[in-house]
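For the single chain, residues carry numbers from 1 onward in sequence order.
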Amino acid sequence: MKVVVMTKLNTEGSMGLRRGSFLISDYEFKKNPDWYIGIKAYEWIQQIAEYGGRKTEIIQVTWNEENDITEVVKSIYPIMLEEDLPF
């Protein structure tokens, strides 16, 4: 399945719109579409932010122009592993 994700981002005072299309697994989509697409959108936004190297704030995220997943994407954060593991 193909979905179109649209983001509104504030990058250090500069507002911007971006669109991207993603292939999504039907199995994952059926389980929880907003969460699965939210993860894909979060990863994409992180790539955009790292490429520009500037502070980026998420204003709005939608998929297929009608499903708002802004709060889902804002609730996602990377899991950081501790550096001092005993093994």
Side-chain angles (χ1 to χ4, degrees):
M1 172 177 214
K2 187 176 183 179
V3 297
V4 176
V5 173
M6 185 184 80
T7 63
K8 290 182 184 178
L9 304 174
N10 178 355
T11 306
E12 294 184 351
S14 177
M15 299 294 282
L17 294 172
R18 292 203 182 225
R19 289 179 187 255
S21 59
F22 299 90
L23 292 175
I24 304 295
S25 158
D26 288 338
Y27 175 74
E28 294 292 337
F29 182 84
K30 288 178 185 176
K31 285 177 26 181
N32 190 345
D34 287 348
W35 179 251
Y36 188 68
I37 296 169
I39 291 171
K40 293 290 187 187
Y42 177 84
E43 292 171 346
W44 183 49
I45 291 168
Q46 291 305 306
Q47 289 175 354
I48 293 168
E50 287 176 9
Y51 177 75
R54 298 182 295 174
K55 185 176 185 242
T56 302
E57 176 188 3
I58 299 168
I59 304 300
Q60 185 179 28
V61 183
T62 59
W63 62 274
N64 290 353
E65 296 187 14
E66 57 192 38
N67 303 289
D68 190 328
I69 56 171
T70 305
E71 294 307 315
V72 173
V73 174
K74 286 182 175 183
S75 72
I76 298 170
Y77 56 91
I79 297 172
M80 305 302 285
L81 298 176
E82 293 184 32
E83 299 277 332
D84 60 343
L85 295 175
F87 48 87

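- Hydrophobic clustering keeps Y42 apart from V4 (ILVMFWY residues linked when any side-chain heavy atoms are closer than 4.5 Å, directly or through intermediates).
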Are I45 and V61 close enough, and set up right, to give a side chain to side chain contact (heavy atoms under 4.5 Å, CB included), and what steps lead you there?
CA-CA 10 Å; I45 291 168; V61 183; 4.0 Å; yes
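- In this structure, W35 is a member of the same hydrophobic cluster as I58, with clusters built from ILVMFWY side-chain heavy atoms closer than 4.5 Å.
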Side-chain donor-acceptor distances from residues 12-24 under 3.5 Å, at least two apart:
from: E12; atom 1: OE2; to: K55; atom 2: N; distance (Å): 3.4
from: R19; atom 1: NH1; to: E65; atom 2: OE2; distance (Å): 2.9

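- The minimum heavy-atom distance linking V73 with A41 is given by the pair CG2-CB, 4.1 Å.
- Taking NZ of K40 as the start and CD of E28 as the end, the distance is 9.0 Å to the nearest 0.5 Å.
- One distance of note links CD1 of I48 with OG1 of T7; it measures 5.0 Å at 0.5 Å rounding.
- The only member of D68, T70, I69 that meets side-chain contact (heavy atoms from CB on, under 4.5 Å) when paired with V72 is I69.
- For Y36 and W63, the ring centers are positioned 6.0 Å apart or more.
- T56 places no side-chain N or O within donor-acceptor distance of the main-chain N or O of A49, the cut-off being under 3.5 Å.
- Note on residues 1-11: no pairs pass salt bridge (Lys or Arg N to Asp or Glu O under 4.0 Å), not counting sequence neighbours.
- A chain of hydrophobic side-chain contacts below 4.5 Å, direct or via other Ile, Leu, Val, Met, Phe, Trp or Tyr residues, connects I76 to V3.
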